[in-house]
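Since the structure comes first, as structure tokens, the remarks are kept for the end.
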Amino acid sequence: MLHDGRLYVTGRIKDLIIVDGRNHYPQDVEATVQEAHPAVRRDRVAAFSLAGDEGERLVVVAERSRAGESAGVEEVGRAVRAAVRKYHDLSVHDFVLTGAGTVPRTSSGKIARRACLQAYQEGLFV
């Protein structure tokens, strides 16, 4: 961002999700996902883009909350996809609902999106 002729870095470009030429901040998508269904554990959601033949695609990995143990993955996935479509005009290519403690975090407690992407690509979320 430029302000008074000075450049200010306001975010990490590597975390930016770019789909169809539009920029989306993963934090915004993650906030929408955690509010979409009670089965999604708060602050344990990672949204990232995956490069494919048809461009960037959105992937969301979320930990299951204790309150949502009985909810089916398909039900939660439908709610998440609908919320992301409504509030961000984005399609979720893949949604993974995983167990507690599986979404990678940094030592300071932030979501480690790159580590999550790597784990996703290695098939560790099953």
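Please read these numbers as outputs of a predicted model, since none were measured by experiment.
With sequence neighbours excluded, no residue forms a side-chain hydrogen bond (donor to acceptor under 3.5 Å, both in side chains) with Asp28. Not a single salt bridge (Lys or Arg N to Asp or Glu O under 4.0 Å) links Glu75 to another residue, sequence neighbours left out.
When Lys86, Arg85, His88, Gln27 are each tested for a side chain to side chain contact (heavy atoms under 4.5 Å, CB included) with Thr32, only one passes: His88. Tested against Cys116, the residues Val45, Val61, Thr102, Val60 include a single side chain to side chain contact (heavy atoms under 4.5 Å, CB included) partner, Val61.
Tyr87 and Leu16 fall into different hydrophobic clusters, where Ile, Leu, Val, Met, Phe, Trp and Tyr side chains are chained together by heavy-atom contacts under 4.5 Å.
Note: Ser65 OG to Arg44 CZ = 11.5 Å, rounded to the nearest 0.5 Å. For the atom pair CG (Asn23) and CD1 (Ile17), the distance works out to 10.5 Å, reported to the nearest 0.5 Å. With rounding to the nearest 0.5 Å, the separation of CD in Glu35 from CZ in Arg42 is 4.5 Å. Rounded to the nearest 0.5 Å, atoms OG (Ser91) and CG (Leu58) are 8.5 Å apart. Between the CZ atom of Phe48 and the CD atom of Gln121 there is a distance of 7.5 Å, given to the nearest 0.5 Å.
Listed here is the closest heavy atom pair of Arg41 and Gly101: NH1-N, 3.9 Å. Nearest approach of Ala39 to Leu97, heavy atoms of both residues: O-CD1, 4.2 Å. The two residues Gln34 and Asp43 make their nearest non-hydrogen contact at OE1-N, 2.7 Å. Heavy atoms only, all atoms of each residue included: Pro104 and Phe125 are closest at CD-CZ, 4.2 Å.
Under the 3.5 Å distance criterion, the side-chain polar atoms of Glu63 are matched with a main-chain donor or acceptor of Val103. Between the Arg81 side chain and the Val92 main chain, a donor and an acceptor come within less than 3.5 Å of each other. Distance alone, capped at 3.5 Å, is enough to place a donor-acceptor pair between the Arg64 side chain and the Gly68 backbone.
Side chains of Glu122 and Gln118: a donor-acceptor N/O pair is present below 3.5 angstrom, by distance only.
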Before you tell me yes or no, could you show the steps for Arg105 and Ile111 under side-chain contact (heavy atoms from CB on, under 4.5 Å), namely the whole-Å CA-CA distance, both residues' side-chain angles and the distance that decides it to 0.1 Å? CA-CA 5 Å; Arg105 301 175 69 80; Ile111 298 297; 3.2 Å; yes
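In this structure, Arg57 does not pair ionically with Asp94, as no charged nitrogen and carboxylate oxygen lie closer than 4.0 Å. A salt bridge between Arg22 and Glu56 is absent, with no side-chain N of the basic residue lying under 4.0 Å from a carboxylate O of the acidic one.
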